[in-house]
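Please read these numbers as outputs of a predicted model, since none were measured by experiment.
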Amino acid sequence: MAAGGVSVSVGTPIDLIKIRLQTQTDVKKVIKPSNVILPLSHTLNVRGSSTRALATSAVVSSTVSQAKLYAGPIECAGDIYRQHGLKGLYRGGAAMLMRDIPGYALYFIPYELIRAILTPENGRPGVASALLAGGLAGTLSWGLMNPMDTIKSRLQADIGVKTQKYEGVIHCLRSSYKSEGYSVLFRGMGMNALRGFPQSAALFFGYETAVSSILRLRGQ
């Protein structure tokens with residue numbers, strides 16, 4: 001649980017910038033002027049006769065193109081800070097805290113239970129046991145964290161836009177439920193669970209490898 005709190009304090013601004021870069025909903029309009037100037041005089045031929053006319057005006061046209069709102073993470077962070085201050089960089093932090101504190105607890109408890117089943121008594125888990133236990137724990141944890149992860153992402157995507165839709169966690173939750181139903185909280189759950197398996201399998205394999213190395217160095 002403490003790990004979840006530390007993760008939020010360090011990771012919220014980084015996660016916010018990632019979300020904003022991935023979901024740029026506004027664009028900048030770039031106007032490029034282009035001038036088409038008529039010559040001062042030109043000749044018109046009408047039925048074989050020559051008539052000279054003077055052109056005293058110029059035709060000016062312009063083209064409008066669209067560009068991304070942010071060129072990169074530095075510009076994104078600076079723009080959010082200028083508009084909303086340090087608080088703006090931590091938008092969605094409360095939702096992230098509500099996601100990560102129970103999420104990390106659910107992360108390690110299933111891992112220890114599954115590892116105990118797969119590991120011989122008084123022994124360290126092998127490669128397959130660590131990968132499987134870690135992957136299953138990650139899948140379960142990310143699946144359960146999905147509703148609050150959805151709220152966090154919506155809050156973070158909502159900053160830096162012309163008109164903000166959500167005032168905070170509760171308002172976002174109520175508005176999302178009212179307009180889209182309870183199913184909105186489970187969008188992306190499959191992908192979150194799918195991501196959680198290899199990510200967590202690699203994490204816990206590294207953890208068990210490090211622990212085994214330390215024990216060998218101590219002669220245990």
Side-chain angles (χ1 to χ4, degrees), residues 1-26 69-70 73 76 80 84 87-115 117-118 130-205 207:
M1 290 174 64
V6 173
S7 173
V8 170
S9 63
V10 176
T12 299
I14 297 173
D15 196 57
L16 171 70
I17 293 168
K18 175 186 74 72
I19 292 291
R20 285 301 300 133
L21 290 174
Q22 289 176 332
T23 60
Q24 295 191 53
T25 54
D26 289 340
L69 191 61
Y70 306 118
C76 178
I80 292 173
H84 306 279
K87 182 180 178 181
L89 292 173
Y90 280 88
R91 181 169 173 82
M96 194 171 182
L97 199 66
M98 296 167 68
R99 181 197 73 177
D100 285 0
I101 288 182
Y104 275 92
L106 292 171
Y107 204 40
F108 287 96
I109 293 173
Y111 173 74
E112 291 295 336
L113 293 174
I114 298 171
R115 190 194 71 165
I117 296 173
L118 299 176
L131 289 174
L132 182 58
L136 291 175
T139 298
L140 178 61
S141 176
W142 275 104
L144 293 174
M145 290 191 295
N146 195 84
M148 196 51 62
D149 186 60
T150 299
I151 299 302
K152 174 202 70 71
S153 297
R154 289 193 166 209
L155 286 170
Q156 291 179 328
D158 193 42
I159 195 169
V161 296
K162 293 179 180 178
T163 305
Q164 289 188 359
K165 294 171 59 178
Y166 309 118
E167 299 174 2
V169 174
I170 302 301
H171 183 252
C172 180
L173 183 61
R174 287 177 175 172
S175 298
S176 299
Y177 173 76
K178 184 177 180 180
S179 59
E180 302 170 67
Y182 72 90
S183 62
V184 68
L185 300 176
F186 299 97
R187 288 181 186 171
M189 177 177 282
M191 294 307 300
N192 257 339
L194 184 63
R195 177 186 71 171
F197 191 96
Q199 175 185 339
S200 303
L203 185 151
F204 280 108
F205 173 70
Y207 165 75

Other residues, nucleotides, ligands: >12 heavy atoms within 6.0 Å of Met98 CE: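 No.
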Flag if over 12 foreign heavy atoms under 6.0 Å of CZ, Arg174: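 It does not: Arg174 CZ has 12 such atoms or fewer within range.
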How long is the straight-line distance from [atom2] of [Y] back to [atom1] of [X], given to the nearest 0.5 Å?
X	Y	atom1	atom2	answer
Ser153	Leu16	OG	CG	10.5 Å
Met96	Gln156	CE	CD	7.0 Å
Ile14	Leu89	CD1	CG	11.0 Å
Tyr90	Ile80	OH	CD1	13.0 Å
His171	Ile151	NE2	CD1	11.5 Å
Leu136	Arg115	CG	CZ	14.5 Å

Contacts of type side-chain contact (heavy atoms from CB on, under 4.5 Å), residue Ala137, not counting sequence neighbours: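 Ala137 satisfies side-chain contact (heavy atoms from CB on, under 4.5 Å) with Pro110, Tyr111 once adjacent residues are dropped.
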Contacts of Asp149 that satisfy salt bridge (charged side-chain N to carboxylate O under 4.0 Å, His left out) - sequence neighbours left out: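 Asp149 satisfies salt bridge (charged side-chain N to carboxylate O under 4.0 Å, His left out) with Arg99 once adjacent residues are dropped.
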Nearest non-hydrogen partners of [X] and [Y], listed with the distance:
X	Y	answer
Leu155	Cys172	CD2-CB, 4.0 Å
Ser200	Gly138	OG-CA, 3.1 Å
Tyr107	Leu203	OH-CD1, 3.9 Å
Ala133	Leu118	N-CD1, 4.4 Å
Val169	Met148	CG1-SD, 4.4 Å

May I ask you to test the [X]-[Y] pair for a side-chain heavy-atom distance under 4.5 Å?
X	Y	result
Arg20	Arg91	no
Lys152	Asp15	yes
Leu173	Leu185	yes
Ile109	Leu113	yes

Side chain to side chain contact (heavy atoms under 4.5 Å, CB included) evaluation trace for Phe204 with Ile114: CA-CA 12 Å; Phe204 280 108; Ile114 298 171; over 6 Å; no
Sidechain-backbone polar pair: Ser141 side chain, Leu106 backbone, donor-acceptor under 3.5 Å: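 Not a single qualifying donor-acceptor pair exists.
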Expected output: side-chain Asp158 to main-chain Lys165 donor-acceptor under 3.5 Å: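 Pair found, side chain donor or acceptor close to backbone of Lys165.
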Ser175 and Tyr166: side chain donor to acceptor below 3.5 Å: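 No, no side-chain donor-acceptor pair sits under 3.5 Å.
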